[in-house]
Amino acid sequence: MTLDTLTQIYKSLSEPIRLRIIHLLMQRDSLCVCDLVEILQLNQSTVSRHLSYLKNAGMVQAWREGTWMHYALNQATLDPVNREFIESTMQDFAEIQQDQNRLIEHEKAPRKCALS
């Protein structure tokens, strides 16, 4: 990893919504945009804009399934040290706890993207 790459990683994490997305992706192998929209309670364009920023920074990988985009962490970019830093610093924030609770509740219902 270069210093420039590390700088891009930290720049990409300088926005609360992107931190919340990264934290959610750390909890699962992958999530669909529709999942993130529901959990974060934001509109699709806002979530997609932040995912695009994370993708351009190399933080996430994306693939299309039908009409929906799915995202997963780029394990090569998020090394164990950065992952541990994010996990340890974010666990006490109320928004993160709410997101985790909504993720659990969201997974109990049928996926909306599977219905379209």
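Nothing here was measured: the structure is a model prediction, and the numbers come from that model. Excluded from the calculations below are hydrogen atoms, water molecules and symmetry mates; all remaining heavy atoms, backbone and side chain alike, are included.
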query = Excluding sequence neighbours, so at least two apart, what forms salt bridge (Lys or Arg N to Asp or Glu O under 4.0 Å) with R20?
reply = D99
inquiry  = Test of understanding: with side-chain contact (heavy atoms from CB on, under 4.5 Å), list the residues that count as partners of Q97, not counting sequence neighbours.
reply    = Q100
Qualifying residues under side-chain contact (heavy atoms from CB on, under 4.5 Å), relative to Q75, sequence neighbours excluded = L73, R83
query = Looking at residues at least two apart in the chain, or sitting in another chain, which of them share a side-chain contact (heavy atoms from CB on, under 4.5 Å) with L19?
reply = L13, M90
ask   = So, are K108 and E105 salt-bridged, with charged N and O less than 4.0 Å apart?
value = yes
ask   = Does S30 have any side chain to side chain donor-acceptor pair (under 3.5 Å) partners at least two apart in sequence or in another chain, and if so, which?
value = none
note = Contacts of E15 meeting salt bridge (Lys or Arg N to Asp or Glu O under 4.0 Å) (sequence neighbours excluded), chain-then-number -> none
task = Could you list the residues that satisfy side chain to side chain donor-acceptor pair (under 3.5 Å) with T46, not counting sequence neighbours?
result = N43
inquiry  = By the side chain to side chain donor-acceptor pair (under 3.5 Å) test, which pairs, at least two apart or in different chains, include something from residues 51-63?
reply    = W63-E65
request  = Just jot down the salt bridge (Lys or Arg N to Asp or Glu O under 4.0 Å) partners of E95, sequence neighbours excluded, or say none.
outcome  = none
inquiry  = Test of understanding: with side chain to side chain donor-acceptor pair (under 3.5 Å), list the residues that count as partners of Q98, not counting sequence neighbours.
reply    = none
note = Sorted by chain and number, sequence neighbours left out, salt bridge (Lys or Arg N to Asp or Glu O under 4.0 Å) with R49 holds for none
request  = Identify, with sequence neighbours excluded, every residue that meets side-chain contact (heavy atoms from CB on, under 4.5 Å) alongside T2.
outcome  = D4, T5
